[in-house]
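Here is the structure we will look at.
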There are 2 protein chains.
Amino acid sequence: MDNSGLLDFFKALADANRLKIIGLLAQESFTVEQLAAVLKLRPSTISHHLSRLSKVGLVSARAEGYYNLYQLETVMLEKMARRLLSKKTLPAIVADVDLEAYDRKVLADFSTPDGRLKTIPARRKKLMIVLRHIVKDFKPGIRYPEMQVNQILAEYHQDTATLRRELVGFGLLERERGEYWLAEKVGNKG
Amino acid sequence: MDNSGLLDFFKALADANRLKIIGLLAQESFTVEQLAAVLKLRPSTISHHLSRLSKVGLVSARAEGYYNLYQLETVMLEKMARRLLSKKTLPAIVADVDLEAYDRKVLADFSTPDGRLKTIPARRKKLMIVLRHIVKDFKPGIRYPEMQVNQILAEYHQDTATLRRELVGFGLLERERGEYWLAEKVGNKG
DNA sequence: TAATTAATTAGATATTTGCCTAATTAATTC
DNA sequence: GAATTAATTAGGCAAATATCTAATTAATTA
């Protein structure tokens with residue numbers, strides 16, 4: 001569900017020095033000044049890194065008198081690691097992705113503006129996409145004589161024989177004694 | 001031990017589109033072309049991302065006829081997630097870090113070139129570092145009369161009284177009947 | 001064999017971001 | 001209260017990198 005955060009989490013850890021900070025804080029708390037000396041960076045740079053880490057909840061600061069003692073939030077680290085192991089995490093990342101885009105692109109590539117086929121795809125994968133589009137013109141439960149099938153297919157391409165044969169071959173239409181009908185849906189992708 | 005890899009792993013996942021690729025491949029295999037359409041990027045860009053992901057072993061390609069079908073290496077993902085949960089991973093990251101740098105910097109900041117103290121640190125944290133440095137001049141098992149203690153401390157700063165008092169206060173020296181000696185080591189840091 | 005197509009690689013551009021210096025804020029000491 | 005100090009913030013520069021177009025490679029079809 002809550003996909004946000006995962007990317008920020010990885011970005012926070014995708015830097016050598018920030019990773020070292022995490023490693024250091026795993027052992028004890030450090031001040032900005034100490035981290036700067038140990039990692040040979042300016043305090044302002046350390047501050048910047050700590051701010052990024054704290055933004056995703058991986059570290060927190062605790063004022064100790066004059067100093068800011070930074071400490072690792074191991075709970076958050078474990079939480080994220082466990083999230084990576086969960087089956088639900090990865091699918092959630094693509095919740096808002098346009099999965100139909102490829103099919104649309106293939107259809108667009110092979111279609112003229114008025115919806116006819118420029119050519120019949122040679123690639124099985126793309127042929128399948130085109131055929132599944134065409135087959136939407138057939139209604140379930142109706143038996144179509146071959147002549148009527150050709151009439152429908154002619155809207156897409158002159159070579160109705162090939163289209164007809166492939167529709168049957170791919171299992172989208174069924175045929176018996178010169179009549180055709182829509183096959184039961186099978187989650188077949190190609 | 002083998003720290004390398006962790007950083008590359010995070011870097012590989014620290015990009016929105018690569019994360020989406022991982023999310024998509026978690027559900028089924030995809031070709032470069034498909035991913036390009038779905039993510040609205042050029043195939044060359046997808047190729048580049050897949051190359052980075054494959055370099056850290058997160059995805060692999062399998063030639064299916066004409067196409068290159070990319071698939072997620074879930075084993076690697078799980079392996080890395082589990083590594084994050086291991087107690088040994090984080091300390092290993094800082095194996096090659098110069099932990100003494102801070103102490104050295106503090107000593108340098110407060111010392112003149114010939115090793116005397118410019119001032120006695122006001123901050124307890126830094127005073128402790130300086131005192132621990134000075135106390136190295138005392139040998140274990142020997143009882144020093146106060147006059148001798150002052151002699152040693154005078155090498156560092158004229159205010160021997162303060163140094164002496166703080167050494168005792170911080171528990172680095174012990175005192176009884178006008179004699180001083182090195183305290184037993186206690187893993188005290190400040 | 002020639003033409004098409006999926007994928008990769010090379011090269012260029014633009015964005016991101018790590019790091020610095022300088023300025024500012026907040027807390028502490030003299 | 002003035003001076004010092006730890007930390008953060010702001011602004012700028014340089015290195016890394018995400019993306020694109022163009023060229024190349026490898027496989028397939030006509």
Side-chain angles (χ1 to χ4, degrees), chain A residues 7-8 10-21 29-37 39-55 59-70 102 105-106 109-110 118-127 129 159 162, chain B residues 7-8 10-21 29-37 39-55 59-70 102 105-106 109-110 118-127 129 159 162:
Chain A
L7 176 59
D8 291 329
F10 287 127
K11 284 179 125 173
L13 293 174
D15 174 84
N17 285 318
R18 281 199 293 273
L19 210 50
K20 283 180 189 167
I21 289 176
S29 296
F30 279 83
T31 66
V32 173
E33 209 183 9
Q34 284 178 310
L35 291 170
L39 297 180
K40 291 154 183 28
L41 294 171
R42 299 289 154 190
S44 64
T45 304
I46 299 292
S47 235
H48 165 249
H49 283 320
L50 287 170
S51 149
R52 292 203 59 176
L53 289 171
S54 118
K55 206 164 280 173
V59 310
S60 66
R62 165 170 72 80
E64 167 142 321
Y66 200 173
Y67 296 94
N68 253 359
L69 266 186
Y70 277 89
Y102 180 66
K105 180 181 189 312
V106 170
D109 286 350
F110 282 91
K118 287 191 278 199
T119 67
I120 298 176
R123 294 278 129 67
R124 290 178 58 79
K125 203 182 269 273
K126 299 190 170 179
L127 177 55
I129 289 170
D159 187 355
T162 296
Chain B
L7 176 59
D8 290 331
F10 287 127
K11 283 179 126 174
L13 293 174
D15 174 86
N17 285 318
R18 280 199 294 272
L19 209 50
K20 283 180 190 167
I21 289 176
S29 295
F30 280 84
T31 66
V32 172
E33 210 184 9
Q34 285 177 311
L35 290 171
L39 297 181
K40 292 157 184 26
L41 294 171
R42 299 290 153 192
S44 64
T45 304
I46 298 293
S47 237
H48 166 249
H49 283 319
L50 286 170
S51 148
R52 291 204 59 174
L53 289 171
S54 117
K55 204 162 285 176
V59 310
S60 65
R62 162 170 75 80
E64 167 142 320
Y66 201 175
Y67 296 93
N68 252 358
L69 266 185
Y70 278 89
Y102 179 67
K105 180 181 188 310
V106 170
D109 286 351
F110 281 92
K118 286 190 276 199
T119 68
I120 299 176
R123 294 279 127 68
R124 290 178 57 79
K125 203 183 269 272
K126 300 191 171 179
L127 178 54
I129 290 170
D159 186 356
T162 296

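As the structure is a computational prediction, the values presented were derived from the model and not from experiment. So you know, we letter chains A, B, ... as the sequences are listed, proteins then strands, and number each from 1.
Atom P of nucleotide dT29(C) and atom CG of L127(B) are separated by 12 Å, given to the nearest angstrom. Taking atom NZ of residue K126(B) and atom P of nucleotide dA27(C), one finds them 18 Å apart after rounding to whole Å. Atom CG in D8(A) sits about 14 Å away from atom P in dT16(C), given to the nearest Å. We find that NZ of K118(A) is positioned 13 Å from P of dT4(C), with the value rounded to whole Å. The CG atom of L53(A) sits 13 Å away from the C1' atom of dG18(C) (whole-angstrom rounding). Between F30(A) atom CZ and dA6(D) atom C1' the separation is 17 Å, expressed in whole Å. The NZ atom of K125(B) sits 14 Å away from the P atom of dT29(C) (whole-angstrom rounding). Whole-Å rounding puts the L35(A) CG to dA6(D) P distance at 14 Å.
In this structure, the side chain of R62(B) does not engage the main chain of L69(B) through any donor-acceptor pair within 3.5 Å.
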Check: protein-nucleotides 2-4 of chain D nitrogen or oxygen pairs below 3.5 Å:
none

What does the list of N/O pairs under 3.5 Å between the protein and nucleotides 11-14 of chain C look like, with a distance for each?
none

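One finds the NZ atom of K11(A) at 12.5 Å from the CG atom of L13(B) (value rounded to the nearest 0.5 Å). Note that CD1 of I129(A) and CZ of R124(A) are 12.5 Å apart. Values are rounded to the nearest 0.5 Å. Within the model, atoms NZ of K105(A) and CD of Q34(B) stand 11.5 Å from one another, a figure rounded to the nearest 0.5 Å. Remark: T45(A) OG1 to L35(A) CG distance equals 12.0 Å, nearest 0.5 Å. The line from OG of S51(A) to CD1 of I46(A) is 12.5 Å long, rounded to the nearest 0.5 Å. Atom CG in N17(B) sits 5.0 Å away from atom NE2 in H49(B) (nearest 0.5 Å).
Residues F10(A) and F10(B) are in side-chain contact: their nearest non-hydrogen atoms beyond the backbone lie under 4.5 Å apart.
Applying the salt bridge (charged side-chain N to carboxylate O under 4.0 Å, His left out) test to pairs two or more places apart or on separate chains, those with a residue in residues 40-55 of chain B are D98(A)-K40(B).
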Seminar exercise, completed: Going 5' to 3' through nucleotides 8-20 of chain D and flagging B where a protein heavy-atom sits under 4.0 Å of the base, S where only the sugar-phosphate is that close, and - otherwise, we get BB-------SSBB
For this session: Check the pair T31(B), N68(B) against side chain to side chain contact (heavy atoms under 4.5 Å, CB included), reporting the backbone distance first and the verdict last.
Result: CA-CA 6 Å; T31(B) 66; N68(B) 252 358; over 6 Å; no
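Secondary-structure annotation of DNA chain D gives the stems C:1-30 with D:1-30, with a stem taken as at least 3 successive Watson-Crick or G-U pairs whose two distances both fall under 3.5 Å.
Between E33(A) and K125(B) there is no salt bridge, since none of the side-chain N atoms of the basic residue sits less than 4.0 Å from a carboxylate O of the acidic one.
Between Y102(B) and A37(A), the shortest heavy-atom distance links the atoms CA-CB, 3.6 Å.
Legend: residues meeting side chain to side chain donor-acceptor pair (under 3.5 Å) with K20(B), ordered by chain and number and at least two apart, are absent.
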